Amino acid sequence: MLALLILLVWLGMRVWPDGDGEPAAAAPTATPTATQAPPTTNGVTNVALTTGSEPCDAESIRITPTVRSGQHTRGPVTITLLVSSSSAKPCNFTARSSDLLVVISAGKTPVYDSTVCKASLLRQTVQLSPGWATSVDATWSGRGSGPRCSSKEGWATPGTYVLKIGTLGGEPGRTSFRLTSPPKPKATPTPTPTATPTKKAEKKKS
């Protein structure tokens, strides 16, 4: 009898409506959604960047320069540029002399000014995609620009320099670097000649 009473109470709790007159709803359960991962080759994710043929707007360009340490005077200096664009479309950045401005100074004294040289340190075209930055190397001759930027201008001397670079209306970048004297060539030791012993002529007996 007691077991029957407990069964009736349990059945009443299963079908009895809740306080607002509606049957209690079961709690929703989350359904996992599968996402497709990018294709990989040998464990490396393949990313295809879109490219365009339109020239980049100079005002959309951002450049971050770095100069690796250990470079010397009296020779070309490699400058690495991280170039990106705020444009929503892919574009090509060609660093014409009117677009890319470069000033290298020692203290408050300008050493190289691209507006004097009328030439760009970056010769190749850079393809840019939205949301991505492209790393490219530019080369400074290591000589000052002087009044005419001739090939006979003096070399930069050992010391610390500041490089400022940017496009007209774009976001400029800045970095400092140090140039040291080129290593002196090692002298090749001259071998010391060794004396060759000579036999004395024997006197003949008369």
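What you are looking at is a predicted structure, and each value in this text was computed from that prediction instead of being measured. Because only heavy atoms are used, hydrogens play no part in the values below, and waters and symmetry mates are left out as well, while side chains stay in.
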### Message
Using every non-hydrogen atom in the two residues, find where L121 and W140 come nearest and quote the distance to one decimal.
### Response
CD2-CA, 4.1 Å
### Query
Which atoms form the tightest heavy-atom contact between E153 and P147, and what is the distance?
OE2-CD, 3.8 Å
To the nearest 0.5 Å, tell me how far [X] [atom1] sits from [Y] [atom2].
{"X": "I79", "Y": "F177", "atom1": "CD1", "atom2": "CZ", "value": "6.0 Å"}
{"X": "C91", "Y": "E54", "atom1": "SG", "atom2": "CD", "value": "9.5 Å"}
{"X": "Y112", "Y": "C117", "atom1": "OH", "atom2": "SG", "value": "4.0 Å"}
{"X": "C56", "Y": "N92", "atom1": "SG", "atom2": "CG", "value": "6.5 Å"}
{"X": "R74", "Y": "S181", "atom1": "CZ", "atom2": "OG", "value": "9.5 Å"}

### Steps toward side chain to side chain contact (heavy atoms under 4.5 Å, CB included) verdict (R68, T66)
CA-CA 6 Å; R68 61 177 176 81; T66 56; over 6 Å; no
Would you indicate whether the side-chain heavy atoms of [Y] and [X] approach each other to under 4.5 Å?
{"X": "T180", "Y": "T73", "answer": "no"}
{"X": "Q127", "Y": "T134", "answer": "no"}
{"X": "D137", "Y": "L81", "answer": "no"}
{"X": "L128", "Y": "S84", "answer": "no"}
{"X": "I63", "Y": "L100", "answer": "yes"}
{"X": "V77", "Y": "L179", "answer": "yes"}

#### Entry: Pair listing, ring pair (Phe, Tyr, Trp, His ring centres under 6.0 Å) test, anchored in residues 67-94, at least two apart
none
### Whether S114 side chain and S120 backbone form a donor-acceptor pair below 3.5 Å
no
#### Entry: Whether E171 side chain and I61 backbone form a donor-acceptor pair below 3.5 Å
no
With [X] via side chain to side chain contact (heavy atoms under 4.5 Å, CB included) - residues at least two apart:
{"X": "S135", "result": "T80, L82"}
{"X": "P76", "result": "T139"}
{"X": "D113", "result": "V103, T115, V116, S145"}
{"X": "S69", "result": "none"}

### Query
Looking just at side-chain N and O atoms, do S85 and S60 make a donor-acceptor pair shorter than 3.5 Å?
yes
Indicate every side-chain donor-acceptor pair of residues 154-168 with a distance under 3.5 Å to a residue at least two apart or in another chain.
unit_1 : atom_1 : unit_2 : atom_2 : d
T160   : OG1    : R178   : NH1    : 3.3
Y161   : OH     : T157   : N      : 3.0
Y161   : OH     : T157   : O      : 2.4
T167   : OG1    : A58    : O      : 2.6

